[in-house]
Number of protein chains: 2
Amino acid sequence: MHNSRKPPTMADVARRTGVSPMTVSRAFKRDSSVSQETREAVLRAAEELGYVFDSTASNLRSQRTDFIAVTIPSINNANFADTVRALSDRVSERGLQILLGYTNYDVREEERLIEQLLRRKPEAIVVTGGKHTPRARKLLSNAGIPVIETWDLPEEPIGHVVGFSNALAVREMVDHFVSVGYRKIAFIGGDADRDTRGTDRRAGFIAAMKDHGLEAPRLIAAGPPPISMREGANAMGQLFERFPDTEAVICVSDLSAFGALTECQRRGITVPDRIAIGGFGDYEIGAICVPSLTTINAFASDIGAKTAELILDVLDGKLDRPGRVTIRPDLILRQTSR
Amino acid sequence: MHNSRKPPTMADVARRTGVSPMTVSRAFKRDSSVSQETREAVLRAAEELGYVFDSTASNLRSQRTDFIAVTIPSINNANFADTVRALSDRVSERGLQILLGYTNYDVREEERLIEQLLRRKPEAIVVTGGKHTPRARKLLSNAGIPVIETWDLPEEPIGHVVGFSNALAVREMVDHFVSVGYRKIAFIGGDADRDTRGTDRRAGFIAAMKDHGLEAPRLIAAGPPPISMREGANAMGQLFERFPDTEAVICVSDLSAFGALTECQRRGITVPDRIAIGGFGDYEIGAICVPSLTTINAFASDIGAKTAELILDVLDGKLDRPGRVTIRPDLILRQTSR
DNA sequence: GGCATCCATGTTATCGTTACCAATCCAAGT
DNA sequence: ACTTGGATTGGTAACGATAACATGGATGCC
């Protein structure tokens with residue numbers, strides 16, 4: 001039974017059920033007042049007709065889309081994926097849906113993306129990081145919806161914040177490394193002008209070294225983000241060439257740290273005896289690789305979950321001041337360091 | 001200047017510019033016929049007013065959303081992320097936006113998700129895999145939009161297909177392993193009833209073994225998906241207990257294969273001398289870990305790119321028969337096997 | 001000059017749902 | 001009996017953009 005007509009609308013379902021379109025509309029909402037039998041009759045008729053609820057019309061009339069817009073730097077990063085998953089799981093219980101976009105670690109792409117997402121009239125928008133173009137800031141401020149910056153603690157937040165200090169997190173690792181006797185410590189990260197969290201981590205590294213009275217010339221730029229395993233391995237190679245006496249290296253992420261570790265294995269350099277390695281992000285690989293990776297747990301899932309709670313509170317009107325949730329990253333000592 | 005009024009509409013922009021709303025609408029479209037100076041005046045007025053284009057109204061009136069709905073099993077999987085990224089990159093050039101949802105490897109969740117996505121009236125819908133609930137199949141068939149099943153070659157496709165045979169891909173690895181002398185070969189995968197691609201791979205393994213006149217009792221069930229590194233390591237532990245004389249093991253993915261490899265390292269079992277390991281998916285980790293991982297490249301990005309091409313062709317009316325794009329996975333021999 | 005053609009712009013009606021208000025019915029209370 | 005109130009249902013208009021059609025003016029060609 002091929003059907004080339006237009007798809008059925010609520011009016012069609014109403015006609016078939018013998019009720020008004022308004023009643024059909026109510027039958028499709030969870031909590032609205034329709035008698036049980038009317039609702040069942042409506043839903044049965046809808047199923048028979050193959051009716052599919054049209055959100056586009058609903059969105060326009062009700063001025064609600066139930067979208068939560070989210071921007072992340074990359075869809076291929078397990079940390080951000082964890083955040084989005086936790087966020088999605090929590091808000092979807094309330095019928096909200098994630099509208100996801102990625103910025104490729106570029107604030108200009110972020111600006112474009114934010115503009116595109118705002119056109120869809122989301123209920124709230126979650127961005128990764130606290131650094132944006134002026135226009136992006138303006139778009140977010142004027143959007144009239146909750147704005148949540150994550151994975152960072154911006155000095156001048158646009159709205160709400162759920163994040164942590166990347167610099168302080170790395171400082172904690174430096175403190176530990178120094179306390180167990182490492183002095184010649186290097187840092188492997190991406191180019192300074194792209195990955196802002198990476199840049200913060202590098203800055204935290206340099207500042208912490210300075211506070212210990214140590215120089216920090218051993219900075220290896222691993223190229224533009226994303227800095228993954230291969231980049232980490234290459235950077236480790238560079239480090240061996242340029243600073244062969246390095247005692248420990250802190251990498252901008254577990255992925256690059258693992259790459260660095262494999263480079264050591266390829267060169268027959270023992271970890272941590274000859275050189276210690278620290279990562280960032282507590283990716284699954286760090287816990288399972290041999291030797292396992294000293295790292296920093298930034299609680300990616302928690303960031304997503306707390307962001308979700310915050311959004312729901314704001315939408316419920318339970319929170320009218322900008323919220324600021326500070327995550328406290330955890331240093332995890334494993335086998336790649338003393 | 002606090003502004004508590006309603007956000008401006010095209011009518012406001014039109015008034016300010018001294019043109020009709022229709023002209024404003026045209027000024028916001030790329031190719032429509034508006035004089036250069038009118039367009040600039042409109043866009044300037046819009047910027048001054050802080051006007052944000054309202055897609056919800058546009059979507060309803062034009063009956064176009066420019067959404068491409070996509071379902072993947074998990075957002076935390078690099079293979080699927082690669083597919084989505086390639087797809088997204090290609091369709092976004094044409095102004096189409098991905099609306100992403102994940103099914104958690106569960107066909108019932110997939111059904112719910114498909115229904116939810118279809119309500120948003122996407123231009124096309126891309127699903128991962130070729131196994132769905134009857135109702136999901138019906139929803140997809142009746143949606144009146146292009147349906148693309150990926151990462152599989154379903155026998156009875158709903159619409160278009162961009163995929164490969166998971167069974168044949170694994171068979172190729174079995175053939176190679178047998179040809180270089182392995183006989184006691186095991187398979188590590190998820191529980192049979194969830195991950196359908198994993199199940200196909202296991203079936204391909206068993207069939208291939210049989211064709212070589214070999215028994216295949218060494219099947220380790222690693223639990224419900226996602227099967228990641230930890231599950232791979234645990235499964236490898238089980239394999240050593242139950243079948244200590246195993247010569248080679250094929251894992252359902254590179255992640256589990258890497259987990260298995262680390263378990264060998266923890267137990268001091270040399271790879272590939274004592275046991276060979278094969279993975280699936282050609283994840284970055286397989287190329288970089290030591291020893292590097294023999295695997296199968298399923299061309300995840302290509303799947304996304306070809307899916308995008310197919311969608312664009314269909315939307316352009318250049319393709320009216322169901323398309324079937326077959327990817328040919330590649331066996332990549334590396335250090336974890338002879 | 002006259003007529004066709006094209007470009008830029010305007011007018012009107014509409015996409016499909018739901019907010020808002022009104023109406024009806026039945027049970028309960030006085 | 002009559003009011004009150006809650007539950008259920010219906011009627012009407014509106015959300016903000018744009019498809020479809022119409023119009024006016026400039027341009028081109030014979």
Side-chain angles (χ1 to χ4, degrees), chain A residues 5-43 45-46 49-67 95 116 118-123 143-144, chain B residues 5-43 45-46 49-67 95 116 118-123 143-144:
Chain A
R5 282 168 300 179
K6 292 198 304 182
T9 70
M10 277 191 178
D12 298 314
V13 178
R15 213 159 6 240
R16 184 172 181 117
T17 320
V19 296
S20 74
M22 196 60 237
T23 299
V24 176
S25 173
R26 292 196 179 99
F28 272 88
K29 300 282 152 227
R30 278 180 194 286
D31 51 348
S32 52
S33 67
V34 206
S35 73
Q36 186 59 25
E37 59 181 341
T38 305
R39 165 171 282 131
E40 278 166 13
V42 167
L43 295 181
L49 285 173
Y51 169 74
V52 176
F53 183 92
D54 189 334
S55 292
T56 67
S58 174
N59 293 341
L60 175 59
R61 173 65 246 225
S62 66
Q63 299 289 77
R64 302 195 69 225
T65 59
D66 290 337
F67 275 136
Q116 192 191 13
L118 289 177
R119 289 174 162 215
R120 302 276 187 186
K121 306 292 173 187
E123 312 297 332
Chain B
R5 282 166 302 178
K6 291 198 305 180
T9 69
M10 276 192 178
D12 298 314
V13 178
R15 213 161 5 243
R16 182 170 182 120
T17 319
V19 296
S20 73
M22 195 62 235
T23 299
V24 177
S25 173
R26 292 193 179 102
F28 272 88
K29 300 280 153 229
R30 279 181 193 287
D31 53 348
S32 52
S33 67
V34 205
S35 74
Q36 186 58 26
E37 59 183 340
T38 305
R39 166 170 282 132
E40 279 167 12
V42 168
L43 295 181
L49 285 173
Y51 169 75
V52 177
F53 183 92
D54 189 333
S55 292
T56 66
S58 173
N59 292 342
L60 175 60
R61 174 66 246 229
S62 66
Q63 298 289 78
R64 301 195 69 225
T65 59
D66 290 337
F67 274 136
Q116 191 191 15
L118 289 178
R119 289 174 160 215
R120 304 275 187 187
K121 307 292 172 186
E123 311 298 331

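All values reported here derive from a predicted model rather than from experimental measurement. Reminder, nothing fancy here: chain letters follow the sequence lines and each chain counts from 1.
Rounding to whole angstrom units, CD of residue B:Gln36 and C1' of C:dT9 are separated by 16 Å.
Contact of the A:Asp54 side chain with the A:Met10 side chain is not registered, since no non-hydrogen atoms from C-beta on lie closer than 4.5 Å. Using a 4.5 Å heavy-atom threshold, the side chains of B:Val42 and B:Thr38 count as touching. Within the 4.5 Å cutoff, side-chain heavy atoms of A:Leu49 are placed close to those of A:Arg16.
Between B:Phe53 and B:Phe28, the ring-plane angle classifies as tilted under the 30° and 60° cut-offs.
What you find for A:Thr65 and A:Arg120 is that their closest heavy atoms are CG2-O, 3.3 Å.
At the heavy-atom level, A:Ser33 lies under 4.0 Å from base atoms of the strands shown.
Using modelled atom types and a 3.5 Å distance limit, the side chains of A:Ser55 and A:Ser58 yield no donor-acceptor pair.
Using a 4.0 Å cut-off, some side-chain N or O of B:Thr38 falls inside it from OP1 or OP2 of C:dT9. Regarding contacts with the backbone of C:dT11, every side-chain N or O of B:Ser20 stays at 4.0 angstrom or more from both OP1 and OP2.
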Return the polar atom pairs (N/O with N/O) between nucleotides 16-18 of chain D and the protein under 3.5 Å, or none.
unit_1: D:dG16; atom_1: OP1; unit_2: A:Gln63; atom_2: NE2; d: 3.2
unit_1: D:dG16; atom_1: N2; unit_2: B:Ala57; atom_2: O; d: 3.4
unit_1: D:dA17; atom_1: OP1; unit_2: B:Tyr51; atom_2: OH; d: 2.5
unit_1: D:dA17; atom_1: OP2; unit_2: B:Met10; atom_2: N; d: 2.6
unit_1: D:dT18; atom_1: OP1; unit_2: B:Lys29; atom_2: NZ; d: 3.1
unit_1: D:dT18; atom_1: OP1; unit_2: B:Ser58; atom_2: OG; d: 3.3
unit_1: D:dT18; atom_1: OP2; unit_2: B:Ser25; atom_2: OG; d: 2.1
unit_1: D:dT18; atom_1: O5'; unit_2: B:Ser25; atom_2: OG; d: 3.4
unit_1: D:dT18; atom_1: O2; unit_2: B:Arg61; atom_2: NH1; d: 3.3

